[in-house]
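Below is one structure, written out as structure tokens, with a few remarks after it.
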Amino acid sequence: MIPMTEARADHTGRAVDVEIVTRATPARAWEAWTDPARITEWFADRATGFVLPNQVLRWSNDRLKAETTYTVLSATPPTRLLLESTGGPTPSRLEVEISPAREGTRIRLIHSGFPLTADFDEHYVAVASGWRMAIAVLRYYLEFQFGRTRQSFFVCRPVRYSGSRLASLYRDPAGLQEWLTEAGSLGTPGGRVHLVLKGGRILRGDMLADTGTEVAMGWDEINGVLEFKSFPWDRDNGMRAICVRGWGWELSADQAREIEVEIQSAVDRLETALEVAPLSATSLRI
């Protein structure tokens, strides 16, 4: 369960508050957040805009056809960035703090402006999970892949499912074997992952994050990352998205497409394992 956090000064409403400590320097961490070329190496598919007061930043996820627009409220390199977005149902603020730590550099992210009402609980939990996943990937990127371009693969479906059933399929060795693996287990964050995928691919890497609803792990064999994701899609119709996505910093476009075809088949099996009735012709295929 992701705890509810009240916003602090400069923020209103409910807030996501997460942090990591990385061996990267503060200057490198600042560049990862503020240089559009760097942001596309770990977070967005496309990014535009300069980090100057009153300037507009745009971060796009092309596969989901989603774009977030931020106005820069303040920027103090390399320690603090404060952004505001008015594109959602309520205004929100995103703050990134970068400071020295004994082990290296602390990066703290605060995303606020979420209503305190119960009808926003699921959305808040999904955003909090997404940021915990993203900041764990950021640490991996800063320490091992900084400055390298990536090739992505991505499969996403809207379905109806039980949260406990999906958790089992995403985490338990027996659940993973129903749709993704021949053998292996995930372990806990900070530990090692060793999976044999259906079709014979090997996945070894560090377990990066487990938020309770989503999972992220390194994938040494492709110099990359693999994520299992879930989030609200169409609340009125009871639909949520299940997604498997990843990328490699040394993959070719052809290699990424080959993995995506294999992931497509895996998500077919995942959908079947969830015992979801087929959707209409308007079903999403990304």
Side-chain angles (χ1 to χ4, degrees), residues 5 7-19 29-98 107-117 119-138 141-142 149-150 152 154 156 158 214 227 229-236 240-241 243 245 247 284 286:
T5 304
R8 59 169 211 177
D10 288 337
H11 297 272
T12 59
R14 206 180 329 189
V16 177
D17 191 337
V18 294
E19 67 177 49
W30 179 260
E31 187 175 346
W33 280 104
T34 60
D35 184 336
R38 300 286 84 82
I39 293 172
T40 60
E41 292 170 354
W42 71 275
F43 186 60
D45 294 325
R46 289 180 294 115
T48 61
F50 297 100
V51 178
L52 297 170
N54 300 317
Q55 294 297 300
V56 174
L57 310 181
R58 289 183 173 85
W59 299 343
S60 301
N61 183 315
D62 292 337
R63 305 297 282 274
L64 286 175
K65 299 179 175 62
E67 179 179 88
T68 304
T69 301
Y70 291 104
T71 298
V72 180
L73 298 183
S74 64
T76 309
T79 59
R80 185 173 184 261
L81 176 66
L82 182 62
L83 311 175
E84 184 172 63
S85 174
T86 57
T90 59
S92 66
R93 287 190 172 184
L94 179 65
E95 180 178 6
V96 178
E97 293 181 342
I98 300 171
I107 303 172
R108 182 184 183 190
L109 178 144
I110 305 168
H111 187 184
S112 67
F114 301 100
L116 297 170
T117 54
D119 59 325
F120 268 81
D121 286 351
E122 186 175 21
H123 177 72
Y124 169 78
V125 168
V127 173
S129 175
W131 278 124
R132 288 175 62 189
M133 296 271 283
I135 205 166
V137 170
L138 171 61
Y141 161 77
L142 287 170
T149 58
R150 59 179 181 162
S152 300
F154 186 94
C156 192
E214 300 181 308
E227 297 181 321
K229 295 189 64 62
S230 63
F231 49 85
W233 185 264
D234 182 351
R235 186 172 61 181
D236 292 339
R240 298 180 177 91
C243 299
R245 73 174 181 183
W247 50 88
L284 177 67
I286 297 179

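Positions are given from 1 along the sequence. These numbers come from a predicted model, not from an experiment.
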Over all heavy atoms of both residues, which pair between Ser92 and His111 is shortest? Give the atoms and the distance, please. OG-NE2, 3.5 Å

To the nearest 0.5 angstrom, please state how far the CH2 atom of Trp247 sits from the CD atom of Glu41. 12.5 Å

Please round to the nearest 0.5 Å and tell me the distance separating atom CG of Leu94 and atom CD1 of Ile110. 9.5 Å

How would you list, by chain and number, every residue that makes a side chain to side chain contact (heavy atoms under 4.5 Å, CB included) with Arg240, sequence neighbours excluded? Glu122, Tyr161

Any side-chain heavy-atom pair from Thr34 and Pro77 closer than 4.5 angstrom? no

All side chain to side chain contact (heavy atoms under 4.5 Å, CB included) counterparts of Thr68, not counting sequence neighbours: Tyr70, Ser85

Can you name the side chain to side chain contact (heavy atoms under 4.5 Å, CB included) partners of Thr69, sequence neighbours left out? Val56, Arg58, Glu67

Is any side-chain heavy atom of Cys156 closer than 4.5 Å to one of Phe231? yes

Please find the pair of heavy atoms, one from Ile39 and one from Ala32, that lie closest to each other, and give the distance. CG1-O, 3.3 Å

Looking at Glu97 and Arg80, would you say the former's side chain and the latter's main chain have a donor-acceptor pair under 3.5 Å? no

For Asp234, salt bridge (Lys or Arg N to Asp or Glu O under 4.0 Å) partners two or more places apart: none

Hey, mind stepping through Asn61 and Arg245 against side-chain contact (heavy atoms from CB on, under 4.5 Å) and telling me if it holds? CA-CA 12 Å; Asn61 183 315; Arg245 73 174 181 183; 3.8 Å; yes

Chi angles and distances behind the side-chain contact (heavy atoms from CB on, under 4.5 Å) call for Asp45, Phe154: CA-CA 12 Å; Asp45 294 325; Phe154 186 94; over 6 Å; no

Stepwise side-chain contact (heavy atoms from CB on, under 4.5 Å) test for Trp33 and Val51: CA-CA 9 Å; Trp33 280 104; Val51 178; over 6 Å; no

Of all heavy-atom pairs linking Tyr124 and Ala15, the shortest is OH-O, 2.8 Å

Output the distance between atom OG1 (Thr79) and atom CH2 (Trp30), rounded to the nearest 0.5 Å. 6.5 Å

Minimum side-chain heavy-atom gap Met133-Val137 below 4.5 Å: no

In chain order, what residues pass the salt bridge (Lys or Arg N to Asp or Glu O under 4.0 Å) check against Arg150, with sequence neighbours excluded? none

Between Asp62 and Arg46, is a salt bridge (Lys or Arg N to Asp or Glu O under 4.0 Å) present by the stated rule, with each step listed? CA-CA 8 Å; Asp62 292 337; Arg46 289 180 294 115; 2.9 Å; yes

So, for Trp131 and Phe43, is the gap between ring centers shorter than 6.0 Å? yes

Is Ser129 reaching over with its side chain to a backbone N or O of Ala126, donor-acceptor style, under 3.5 angstrom? no

Asn54 atom CG: more than 12 heavy-atom contacts under 6.0 Å: no

At their closest point, which heavy atom of Leu81 faces which heavy atom of Ala75, and how far apart are they? CD1-CB, 4.1 Å

To the nearest 0.5 Å, what is the distance between CG (Leu73) and OG1 (Thr71)? 7.0 Å

Does Arg93 use its side chain to pair, donor to acceptor, with the backbone of Asp10 at less than 3.5 Å? yes

For the atom pair CD (Glu95) and CG (Leu83), what is the distance rounded to the nearest 0.5 Å? 9.5 Å

Please tell me if the side chains of His11 and Leu82 come closer than 4.5 Å, counting only heavy atoms from C-beta onward. yes

Counterpart residues, side chain to side chain contact (heavy atoms under 4.5 Å, CB included), relative to Phe50 (two or more places apart): Leu52

For Leu142 and Trp42, run side-chain contact (heavy atoms from CB on, under 4.5 Å): C-alpha distance rounded to whole Å, both residues' side-chain angles, the deciding distance at 0.1 Å, then the answer. CA-CA 9 Å; Leu142 287 170; Trp42 71 275; over 6 Å; no

Would you find a donor on one side and an acceptor on the other, under 3.5 Å apart, between the side chain of Arg14 and the backbone of Thr117? yes

Shortest non-hydrogen pair, Ile107 vs Ala29, comes out as CD1-CB, 3.7 Å

